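Below is one structure; the comments refer to it alone.
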Amino acid sequence: MDAKRRIAPLLLDWYDRHRRDLPWRARPGEAPDPYRVWLSEVMLQQTTVATVRPRFEAWVARWPTFDALAAADEADVMGQWAGLGYYARARNLLKAARVIAADHGGRLPDTEAVLRALPGFGDYTAAAVAAIAFGRRAVVVDANVERVVARLFATSGKAAIRAATGAITPDARAGDFAQAMMDLGSAICRPRRPQCLLCPIASGCEARATGAPEAFPAKKPKAARPHRYGTLFWLERGGEVLLVRRPEEGLLGGMRALPTGPWADAPPGLAGAPAAADWLLLNTRVEHGFTHFTIDLALAVARDHHAVDVDGGEWWPVARLDAAGLPTLFLKAVRMMRERAG
DNA sequence: CAAGCGTGGAC
DNA sequence: TGTCCAAGCTT
């Protein structure tokens with residue numbers, strides 16, 4: 001259809017004039033670095049560019065290649081990821097790096113199908129890396145593309161969106177096209193208050209013609225977030241505090257953490273304490289919102305000069321807790337303890 | 001396939 | 001302050 005073939009040239013022309021300069025993005029005429037493209041795609045999953053930028057720089061300074069990452073300790077990798085969230089991404093990143101080093105000669109496979117089989121590569125990431133790093137034609141559908149295409153054709157549904165995206169994806173510059181769609185979705189075709197007057201493809205946009213482009217795509221009804229309660233245990237001994245490593249699976253999996261008791265529908269008090277000690281339940285609370293529930297944590301404190309080593313735990317200097325690689329939830333408790341002491 | 005899985009910024 | 005949302009993957 002001729003109207004559909006006009007979209008890619010318009011979008012690519014807009015991209016050539018308005019593309020953002022990002023640390024993982026090759027400049028015109030430069031060859032993309034597959035390692036940087038892959039790392040950025042994983043970091044950017046459900047995470048904003050502003051958050052990723054400094055974390056990306058720190059990561060590539062520490063582990064600049066697949067082989068360097070493959071040789072890293074898992075605890076170091078998880079600690080470097082701390083604060084970014086969705087920690088399965090870091091576990092899969094390391095797994096994939098080791099597969100790439102062992103089975104692919106330290107180079108990323110250059111086809112969508114082979115990429116798709118690596119840990120952490122879903123439909124989106126396999127297509128995006130194939131297109132952006134290797135120039136393959138691939139149909140790249142993320143939340144931005146879904147929104148742009150849903151509005152462009154006033155349509156909905158995963159299959160219809162994918163088919164429509166395929167119909168407007170060019171054979172050449174597929175990587176630039178994908179990035180152009182995402183930049184457009186981020187800067188112009190935003191969820192709220194889309195900037196249609198600045199849009200290079202507004203003239204053919206069916207949602208704009210309806211007068212309410214922001215109504216596309218239809219939003220799913222949101223589930224209520226339950227509220228839970230728990231207790232964080234701060235066991236201190238000679239300037240050191242007890243940390244544990246959380247189980248590999250599940251919430252904050254594999255991360256270093258303060259010990260916690262059970263998370264329940266009502267405050268559990270001192271249940272699940274990591275050791276017998278003279279616990280003092282503080283009046284202050286740590287609140288933290290996760291995607292699917294919020295947690296309200298009490299803080300229990302004990303200073304026990306006779307505390308023996310706790311199974312699976314490690315004693316960590318309080319003054320160096322910032323370097324422990326703790327998820328944000330636990331850093332909130334650390335800050336609270338410091339305010340209390342100071 | 002719906003649910004589980006983090007966090008910080010915008011409004 | 002609460003709600004929404006951001007370059008999704010796994011089971």
Side-chain angles (χ1 to χ4, degrees), chain A residues 15 19-20 22-25 36-56 78 81-93 95-96 115-133 138-149 158-159 162 165 175-187 189-194 214 217 219-228 246-255 257 263 286-295 325-332:
Chain A
Y15 183 69
R19 56 181 294 156
R20 287 175 290 179
L22 299 171
W24 48 85
R25 189 175 268 181
R36 297 168 72 93
V37 171
W38 167 58
L39 178 63
S40 69
E41 287 302 335
V42 175
M43 283 190 170
L44 287 163
Q45 288 166 10
Q46 305 290 287
T47 309
T48 59
V49 167
T51 298
V52 166
R53 193 192 289 260
R55 305 298 302 260
F56 175 88
M78 300 312 290
W81 196 272
L84 271 176
Y86 286 147
Y87 297 100
R89 292 185 291 173
R91 292 195 299 273
N92 286 331
L93 206 58
K95 281 185 201 163
L115 288 167
R116 182 67 177 80
L118 292 168
F121 281 78
D123 289 340
Y124 163 76
T125 302
V129 171
I132 297 169
V139 180
V140 180
V141 183
D142 78 322
N144 288 301
V145 175
E146 181 183 344
R147 185 173 57 256
V148 170
V149 170
K158 195 179 176 79
R162 183 177 177 79
T165 305
D176 284 348
F177 179 78
Q179 293 178 91
M181 290 284 277
M182 293 189 280
D183 275 16
L184 187 79
S186 167
C189 196
R190 308 179 304 197
R192 289 173 290 207
R193 298 191 306 116
E214 68 277 6
K219 294 157 186 94
K220 297 170 193 168
K222 57 209 170 216
R225 284 200 307 179
H227 205 86
R228 294 190 188 160
R246 295 177 60 83
E248 288 296 313
E249 304 288 322
L251 192 72
L252 308 173
M255 299 302 290
W263 292 6
V286 173
E287 290 193 40
H288 192 73
F290 291 106
T291 306
H292 50 300
F293 68 94
T294 63
I295 185 80
L326 293 173
T328 301
L329 163 63
F330 304 107
L331 283 183
K332 288 183 181 177

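Side chains included, hydrogens not; waters and symmetry mates left out as well; all remaining heavy atoms used. Proteins come first, then strands; the chains are lettered A, B, ... in the order of their sequence lines, and each starts at number 1. Predicted, not measured: the structure shown is a model, and the values here were computed from it.
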Under 4.0 Å, heavy atoms only, any strand: does [X] hit a base, just the sugar-phosphate, or nothing?
X      : answer
A:S40  : nothing
A:W24  : base
A:L22  : base
A:A143 : sugar-phosphate

- [ ] Before giving the answer on salt bridge (charged side-chain N to carboxylate O under 4.0 Å, His left out), spell out for A:R20 and A:D183 the whole-Å C-alpha distance, their side-chain angles and the decisive distance to 0.1 Å.
- [x] CA-CA 8 Å; A:R20 287 175 290 179; A:D183 275 16; 2.8 Å; yes
[X] [atom1] to [N] [atom2], straight-line distance once rounded to whole Å:
X      : N     : atom1 : atom2 : result
A:H227 : C:dT1 : NE2   : C1'   : 14 Å
A:W38  : C:dC9 : CH2   : P     : 14 Å
A:K220 : C:dC4 : NZ    : P     : 14 Å
A:K158 : B:dC1 : NZ    : C1'   : 11 Å
A:E214 : C:dC5 : CD    : P     : 12 Å

TODO: Please determine if a side-chain N or O atom of A:R91 lies less than 4.0 Å away from the OP1 or OP2 oxygen of C:dC9.
DONE: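 False: A:R91 side-chain N/O out of range (4.0 Å or more) of C:dC9 OP1/OP2.
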Open item on the list: Please enumerate all residues that pass side-chain contact (heavy atoms from CB on, under 4.5 Å) together with A:A126, with sequence neighbours excluded.
Closed with: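 Per chain and number, A:A126 pairs via side-chain contact (heavy atoms from CB on, under 4.5 Å) with A:E112, A:L115, A:R116, A:F121.
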Open item on the list: What I'd like to find out is whether the side chain of A:V286 reaches to under 4.5 Å of the side chain of A:L329, using heavy atoms alone.
Closed with: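 A:V286 vs A:L329: side chains touch.
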TODO: Hey, which sits more toward the 5' end of DNA chain C by its nearest nucleotide, A:E41 or A:L118?
DONE: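 The residue whose closest nucleotide sits nearer the 5' end is A:E41.
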Task: Upstream residue (5' side of DNA chain C) when A:E249 and A:V49 are each assigned their closest nucleotide - done: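 Its nearest nucleotide being more 5', the pick is A:V49.
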Residues 219-227 of chain A, side-chain donor-acceptor partners within the protein, below 3.5 Å, at least two apart:
| residue | atom | partner | partner atom | Å |
| --- | --- | --- | --- | --- |
| A:K219 | NZ | A:E214 | O | 3.3 |
| A:R225 | NH1 | A:F290 | O | 2.6 |
| A:H227 | ND1 | A:T294 | OG1 | 2.7 |

- [ ] Look at the side chain of A:R91 and the backbone N and O of A:G253, then say whether any donor-acceptor pair between them is shorter than 3.5 Å.
- [x]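 Such a contact is found between A:R91 side chain and A:G253 backbone.
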Open item on the list: Whether the side chain of A:R246 engages the backbone of A:L251 through a donor-acceptor N/O pair (distance < 3.5 Å, no angle test) should be reported.
Closed with: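 Yes.
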Open item on the list: Distance alone, cut at 3.5 Å: any donor-acceptor contact between the side chains of A:Q45 and A:R89?
Closed with: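 No, because no side-chain N or O of A:Q45 sits under 3.5 Å from a partner of the opposite role on A:R89.
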Determine the Euclidean distance between corresponding [atom1] atoms of [M] and [N]; express it in Å to zero decimal places.
N      : M     : atom1 : value
B:dA10 : B:dG6 : P     : 23 Å
B:dT7  : B:dA3 : P     : 22 Å
B:dC5  : B:dG9 : P     : 24 Å
B:dG4  : B:dG8 : P     : 22 Å

Open item on the list: Can you build the contact string for nucleotides 4-11 of chain B? Use B for base contact, S for sugar-phosphate-only contact, and - for no protein heavy atom under 4.0 Å.
Closed with: SBBBS---
